[in-house]
Amino acid sequence: MKRAVIIEGDGIGPEVIASAVQVLEAVSPGLEMVEGCMGLQCHTRTGSYLPQSTIDLLNDSDAALFGAITSPADRADYRSPLLSLRKSMDLYANIRPVKRLHPSVGLVDLDVVIVRENTEGMYTGEEREVPGGIVTERKVTEYACRRIVDKAIELCRADGGKKVTCVHKSNVLRRSDGLFREVFLDRMKGSGLEASELLVDAAAAALVSQPRKLDFLVTLNLYGDILSDEAAALAGGLGFAPSVNLGEKFALFEPTHGSAPDIAGMDLANPTAAILSAAMMLRYLGSGNAADRVEKAVPAALEQGIRTRDAGGSLGTREFTRRYLEVLSSC
Ligand code: NAD
Ligand code: IPM
Ligand code: MN
């Protein structure tokens, strides 16, 4: 039996994860789910943002589904436990498929997969004081570039794609992003796929103006973070964007969105991103049919007007979930 750790987190995390868990129970009754804790509420309860008990559970399970956590605004020494996990569990690939799921949502007909390097770049956590300011260390290694480019090639091939676009800023960051670009061009040789490239500012524009020209994007950590929120907003909103933090031995699935404190506890959150993250987890765990059903039910529900407020509807998170589950039962 496969085992998944369920981590609700903060803000809307518990609300969207409650929906995703109901979906998992409906389509995959054999999946064992165990609860772990992480984040601000967890810190209040246990004194730790990421207790050893959660790390032990993760090491002892096949995958994890995570909601979102709130970063404390006022602590210079805080490092997100999510970033610590990505690093310590070597979850080096952050894969964020972004697709408009119904013509009535979003602004742009996007269907892209953002393959984001997840362990270095601007996310080293190394910042030091210098006279008059702060210097941040940004790291780009050949090893990490090769791994993420190879993952993008693998995903593109598996999906029947033809082209991978490297998104960088090597016109300014000539050595670091230049290295990423060189590794990309080198690994793409003989891949049978077309190698394309865009500077990150132009990529941000192309998501809006030339969406159908983009399919698989491979990029560095911070660019991937920003572009995935932009792409999600264009395709229908953060409430629809799932993701996975993927390593060789483990994967942690999570919506792209954060804890949304502005709507937390109000039964307003769209749980679709969490539900689609759960579907990605099911596929990873070998339950492809169940994953297909969960994914198919999303546009079917939208078509029937089953929508939360962000998608132009009026259903609360709980009522949306109840109605979505009805649609799912006939998918
Ligand atoms: P956010 O993604 O939480 O919210 C941005 C906007 O999108 C808000 O207006 C919010 O209401 C809306 N939104 C997000 N998810 C939604 C959903 N499912 N349904 C409907 N509307 C939704 O980003 P933020 O406000 O910049 O960050 C809030 C907190 O979350 C911060 O503490 C940040 O550090 C944290 N954060 C955590 C994660 C994570 O844990 N993976 C990711 C991003 C941000
Ligand atoms: C994300 C989030 C995280 C990131 C934050 C919460 C550390 O924005 O997963 O997109 O920047 O990677
Ligand atoms: Mn983000």
Side-chain angles (χ1 to χ4, degrees), residues 7-20 36-43 49-50 64-75 78-87 91-96 98 101 105-106 114-125 136 219-246 252-278 298 307-318 320-321 324:
I7 302 173
E8 294 182 336
D10 305 313
I12 61 169
E15 298 169 75
V16 298
I17 290 299
S19 299
C37 96
M38 169 163 113
L40 211 52
Q41 281 195 40
C42 180
H43 180 263
Y49 291 103
L50 177 58
L65 178 66
F66 158 67
I69 55 179
T70 302
S71 314
D74 51 353
R75 285 192 49 183
Y78 172 81
R79 176 148 177 89
S80 167
L82 177 61
L83 300 183
S84 310
L85 268 187
R86 287 173 179 167
K87 190 84 187 150
L91 307 175
Y92 66 93
N94 190 188
I95 299 157
R96 298 189 153 176
V98 188
L101 295 168
V105 299
I114 296 172
V115 183
R116 163 189 179 192
E117 202 291 315
N118 215 20
T119 58
E120 50 181 46
M122 284 295 266
Y123 284 69
T124 57
T136 299
T219 194
L220 299 176
N221 210 339
L222 186 63
Y223 308 145
D225 178 44
I226 295 169
L227 292 178
S228 56
D229 262 37
E230 182 201 353
L234 291 170
L238 281 163
F240 288 102
S243 82
V244 57
N245 301 278
L246 184 66
L252 183 141
F253 296 79
E254 53 160 342
T256 291
H257 64 69
S259 61
D262 53 337
I263 56 166
M266 296 162 76
D267 195 39
L268 286 175
N270 182 352
T272 307
I275 290 170
L276 290 172
S277 301
V298 170
R307 291 156 189 248
T308 46
R309 199 179 60 167
D310 55 302
S314 59
L315 299 179
T317 312
R318 285 193 293 264
F320 170 88
T321 307
Y324 166 85

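Whatever order the structure lists them in is the order used to number ligands and atoms, beginning at 1.
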State, with a plain yes or no, whether a side-chain heavy atom of Ile7 is found less than 4.5 Å away from one of Cys37.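 Ile7 vs Cys37: side chains apart.
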Side-chain contact, heavy-atom cut-off 4.5 Å: Val244 with Asn94?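 Not touching, per the 4.5 Å side-chain cut-off.
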With no hydrogens and no angle check, is any side-chain donor or acceptor of [X] less than 3.5 Å from a backbone partner on [Y]?
X: Asn245; Y: Phe253; value: no
X: Ser243; Y: Arg96; value: no
X: Ser19; Y: Thr321; value: no

Would you find more than 12 non-hydrogen atoms of other residues, nucleotides or ligands less than 6.0 Å from Arg79 atom CZ?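 Above 12, so yes.
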N-O pairing of Lys87 and Glu117 below 4.0 Å: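 Salt bridge flag = no for Glu117 with Lys87.
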Check ligand 2 for close polar pairs with the protein: N or O on both sides, less than 3.5 Å.
from: ligand 2; atom 1: 8 (O); to: Asp225; atom 2: OD1; distance (Å): 3.2
from: ligand 2; atom 1: 9 (O); to: Arg86; atom 2: NH2; distance (Å): 2.7
from: ligand 2; atom 1: 9 (O); to: Arg96; atom 2: NH2; distance (Å): 2.9
from: ligand 2; atom 1: 10 (O); to: Arg96; atom 2: NH1; distance (Å): 3.0
from: ligand 2; atom 1: 10 (O); to: Arg96; atom 2: NH2; distance (Å): 3.1
from: ligand 2; atom 1: 10 (O); to: Asp225; atom 2: OD1; distance (Å): 2.9
from: ligand 2; atom 1: 11 (O); to: Tyr123; atom 2: OH; distance (Å): 2.7
from: ligand 2; atom 1: 12 (O); to: Arg86; atom 2: NH1; distance (Å): 2.7
from: ligand 2; atom 1: 12 (O); to: Arg116; atom 2: NH1; distance (Å): 3.4
from: ligand 2; atom 1: 12 (O); to: Arg116; atom 2: NH2; distance (Å): 2.7

Check the orientation of His43 and Tyr49. Use parallel for under 30°, tilted for 30 to 60°, and perpendicular for over 60°.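 His43 vs Tyr49 ring planes: parallel.
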Under 2.8 Å from the Mn ion (ligand 3), protein N/O/S atom count?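 The number of such protein atoms is 1.
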Enumerate, atom names and distances included, each donor-acceptor pair closer than 3.5 Å involving a side-chain atom of residues 231-242, sequence neighbours excluded.
none

CD/Glu120 to CG/Leu220 distance, rounded to the nearest 0.5 angstrom?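 It is 8.0 Å, given to the nearest 0.5 Å.
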Leu85 side, atom CG; Leu91 side, atom CG - distance, nearest 0.5 Å: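 So the gap between those two atoms works out to 7.0 Å.
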Polar contact flag, side-chain donor to acceptor under 3.5 angstrom, Asp225-Tyr123: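 Yes, Tyr123 and Asp225 have a side-chain donor paired with an acceptor closer than 3.5 Å.
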Taking atom types as modelled, find out whether Glu230 and Ser228 have a side-chain donor-acceptor pair closer than 3.5 angstrom.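 The criterion, which ignores hydrogens and geometry beyond distance, is not satisfied for Ser228 and Glu230.
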Could you pull out every N or O of ligand 1 that sits under 3.5 Å from a protein N or O, with the distance for each pair?
from: ligand 1; atom 1: 2 (O); to: Gly258; atom 2: N; distance (Å): 2.8
from: ligand 1; atom 1: 3 (O); to: Gly258; atom 2: N; distance (Å): 3.4
from: ligand 1; atom 1: 3 (O); to: Ser259; atom 2: N; distance (Å): 3.3
from: ligand 1; atom 1: 3 (O); to: Ala260; atom 2: N; distance (Å): 2.8
from: ligand 1; atom 1: 9 (O); to: Asp262; atom 2: OD2; distance (Å): 2.8
from: ligand 1; atom 1: 11 (O); to: Asp262; atom 2: OD1; distance (Å): 2.8
from: ligand 1; atom 1: 11 (O); to: Asp262; atom 2: OD2; distance (Å): 3.0
from: ligand 1; atom 1: 18 (N); to: His257; atom 2: NE2; distance (Å): 3.3
from: ligand 1; atom 1: 18 (N); to: Asn270; atom 2: O; distance (Å): 2.9
from: ligand 1; atom 1: 19 (N); to: Asn270; atom 2: N; distance (Å): 2.9
from: ligand 1; atom 1: 30 (O); to: Ser259; atom 2: N; distance (Å): 3.1
from: ligand 1; atom 1: 30 (O); to: Ser259; atom 2: OG; distance (Å): 3.2
from: ligand 1; atom 1: 32 (O); to: Ser71; atom 2: N; distance (Å): 2.9
from: ligand 1; atom 1: 34 (O); to: Ser71; atom 2: OG; distance (Å): 2.7
from: ligand 1; atom 1: 40 (O); to: Ile69; atom 2: N; distance (Å): 2.9
from: ligand 1; atom 1: 41 (N); to: Glu254; atom 2: OE1; distance (Å): 2.9

